[in-house]
Amino acid sequence: MEHRVRLSGAPEAAPELACLRVLSQLPPNWSGEIRECGTGYAILALRTDASAEDVAARVDEVIAELPLRGWKRS
C-alpha cells in the first residue's frame, strides 16, 4: 500500500535533504521516494503494509530527531 506523507519546514530549509533523512530512517522492509519538493515542503510516497497510523507514528519519530526538528508532518 502507498502512503503519501507531506512534510512542512521553514522556507530556507532544504526539503530534499529532509526527505533523504526520513527515507534513511525507515524500517528496511519499507520503500519510498520523493514525489515533490518545493519551498518549505516535500511530499513522500512510502510503500509498506503498515497502517496509516503506524506510518504517521514512524515519520513523527524520525522528524522529532535533532537533524529534522522544525519539520512537521502535515
* **Residue that, paired with V62, satisfies side-chain contact (heavy atoms from CB on, under 4.5 Å) out of L7, V22, L23** => V22
* Asked: Given side chains that start at C-beta, do those of L46 and V59 come closer than 4.5 Å, heavy atoms only?
  -> yes
* Asked: Looking at residues at least two apart in the chain, or sitting in another chain, which of them share a side-chain contact (heavy atoms from CB on, under 4.5 Å) with P27?
  -> N29, W30, R58
* Asked: Do H3 side-chain atoms and L44 backbone N/O form a donor-acceptor pair below 3.5 Å?
  -> no
* Applying salt bridge (Lys or Arg N to Asp or Glu O under 4.0 Å), name anything that partners D54, two or more places apart in sequence or on another chain. => none
* Residues forming a side-chain contact (heavy atoms from CB on, under 4.5 Å) with S74, sequence neighbours excluded -> R6, S8
* Asked: What pairs with E2 under salt bridge (Lys or Arg N to Asp or Glu O under 4.0 Å), at least two apart in sequence or on another chain?
  -> R4, R35, R47
* **Step-by-step side chain to side chain contact (heavy atoms under 4.5 Å, CB included) determination, V5 to I43** => CA-CA 6 Å; V5 177; I43 299 174; over 6 Å; no
* Pairs involving residues 10-28, ordered by first then second residue, that meet side-chain hydrogen bond (donor to acceptor under 3.5 Å, both in side chains) (sequence neighbours left out) -> none
* Interatomic spacing from CH2 in W71 to CD1 in I63 - rounded to 0.5 Å -> 9.5 Å
* Which value, rounded to the nearest 0.5 Å, describes the distance between C19 atom SG and Y41 atom OH? -> 10.5 Å
* Pairing residues for R73 by the salt bridge (Lys or Arg N to Asp or Glu O under 4.0 Å) criterion, not counting sequence neighbours -> D60
